[in-house]
Structure formats: structure tokens, C-alpha cells
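Inspection log for the structure reproduced underneath, given as C-alpha cells.
Residues: numbered from 1 along the sequence shown. Everything numeric in this text was worked out from a predicted model, so none of it was measured. Remember, it's 1-based here, ligands and their atoms both numbered in the order they're listed.
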Amino acid sequence: MSVNKEVKRVTTHTLQKMKEQGENISMLTAYDYSFATVIDAAGIDVILVGDSASNVMAGHETTLPITLDQMIYHAASVVRGAQRCLVVVDLPFGAYQGNTKEALNSTIRIMKETGAHAIKLEGGVEIVDSVKRIVSAGVPVMGHLGLTPQSIYKFGTYTVRAKEEAEAAKLKEDALLLQEAGCFALVLEKIPAALAKEVTESLHIPTIGIGAGPHCNGQVLVMHDMLGLNQGFKPRFLRQYLDMYSQVKTAVGQYIADVKSGDFPNEKEQY
Ligand code: KIV
């Protein structure tokens, strides 16, 4: 990766300062070099190389099938395109649940082979020892609570989590445990806005919400969803900024028509 020395890199400390100063953190997913370049140039604070690549890049129904090698390929591509933002990489399902050593080994592979700056994993008390081990090896860790898609078969549905008191209480405890274990930030996915507010106010580290209301310290969306590439996926929390599916389809349709008619290439488009 070529390093542009004039660009000041966003770090985990930058995010902490943003929380303290009341500046919201912007985060989007990306999985490849070209989109990472555009998103970074637009000024995003954090790119998450999410295991949602399993869905939007590979067409799987869940995030479970994506492998560590595949995540490393996506993350290394993103890092080559991101000059300014912090790049966080998801540890995929099966790469950390076994034990703390497996979690650390997977993290080391990501850090060495991609050049990314931090990792994210899902869960609370169940993975807190892994968080401690990774942090003690010097790697920043982002936590992820609420709807944790790697546990979809336990939940059974993608509906809002922690509406019941018992699950909300566990989530609040888990958030504090993850903070104590050394996480630099937490993703809160699909939980009631009031609960996200309470958790955000109880922590000194930033929270980044997806379907968790406006009181988190930042927001994250899956890039393909907010650009309208993921046709038919319109959950209530999603704001769609572009209808890219239709725009790309129209452009490709025009190209096909131009090729068929012989209009492309014209005199100026040849040697
Ligand atoms: O994989 C992903 O895209 C994520 C976000 C939804 C937070 O974990």
C-alpha cells in the first residue's frame, strides 16, 4: 500500500475524541478497492469490511459461509483504497468462537495480511476473554451487540433484539464488560432506540448504531443497501441515497443497445 503522508489517518483515538466532542461518527461497509477509494475520498470516518460481504458480494443468505481467507482478500483490497479512514475488519463465523488462541491467530492473520487497523467480533460475555487477549496483543477491537447476524439460527429471525427486559439487561451488562475488556467502540444493531440511548450514555467508548436510533455516537449502513444495489431490501432503518440498481441497469441497457446498433465505438473511440 502506498502511504499518503499528507493525509491524517482517523484512529481509534480520533473516534474517542469525536464522542467526547459530540461529533457523530460515520461508518459504511466496503469490500473492494474501487468503492473504498470513493467512500474514503467522500470523507467517511470508518470503513467496515463486514462479513455482510457474504450476502452482498457472494449472494449467500447469511454471513456464516464467508471464510477467513475470503475476508482477508476483501480487506486487503479495501486497505489499498483507503488513505484516510480507519479500516475495521469482521472476524468471520468460525474464526474465533473456538477459543481465545484461535481468535488471536485469526486476528494476527488479518492484521499481517491486510494492513487493516482493527477487528470486530460479535457477542458479549461469551467472547470477552478473546477481546482481552486480542487487545493485549495490541490490536484494537470493536464489539457488536444486539442483532448479531452470525447467531441468526439461534435467533430465528432478523427482527429487533432486546425488546424484553431480560435480553436488554444482558445487553447492558455485555456492553460494560466489552468496554472493560478494552473495546474501543461498540456496534449496536437493531435494538430499541431508548435502550441504545441508555447504553450509549453508560459507556465512555463510542457506540455506532444500525437500526438503533439517533442517540448512538455514530451510524453504520451496509453500502450496497444505502446505494440501492440490494433490490427489494427496504427495512425501516435504512435510508436509501441512490437507486443504483436502476441506474446501472439503464446504463448497461444503453451500452447493449449501442453495441447492437453499431453506434459504439464511434470514430473518436478508435485508434
Ligand atoms: O457485516 C456487517 O456489515 C456488519 C454491519 C451490519 C454492522 O456487521
| query | Is D40 salt-bridged to R84, cutoff N-O under 4.0 Å? | reply | no
| query | Quick one: do D129 and R133 make a salt bridge, cutoff under 4.0 Å? | reply | no
| said: Checking K197 against E201 for the salt bridge (charged side-chain N to carboxylate O under 4.0 Å, His left out) test, could you report, in this order, the C-alpha distance in whole Å, the side-chain angles of both residues, the deciding distance, and whether it holds? | reply: CA-CA 6 Å; K197 180 173 191 284; E201 287 170 358; 3.2 Å; yes
Give every pair formed by an N or O atom of ligand 1 and a protein N or O atom closer than 3.5 Å, one pair per line with both atom names and the distance to 0.1 Å, or write none.
unit_1, atom_1, unit_2, atom_2, d
ligand 1, 1 (O), D51, N, 3.2
ligand 1, 1 (O), D51, OD1, 3.0
ligand 1, 1 (O), S52, N, 3.1
ligand 1, 1 (O), S52, OG, 3.3
ligand 1, 1 (O), D90, OD2, 3.1
ligand 1, 3 (O), S52, OG, 2.5
ligand 1, 8 (O), K120, NZ, 2.9

| message | Less than 3.5 Å apart, any donor N or O on the side chain of T37 or S34 sitting next to an acceptor on the other? | response | no
| query | Considering only heavy atoms from C-beta outward, does the side chain of I110 approach that of T114 to under 4.5 Å? | reply | yes
Show me the donor-acceptor pairs, under 3.5 Å and distance only, between side chains in residues 69-79 and residues at least two apart or in other chains.
unit_1, atom_1, unit_2, atom_2, d
D69, OD1, R109, NH1, 2.9
D69, OD1, R109, NH2, 2.8
Q70, OE1, T67, N, 3.0
Q70, OE1, T67, OG1, 3.3
H74, ND1, Y31, O, 3.0
S77, OG, Y73, O, 2.8

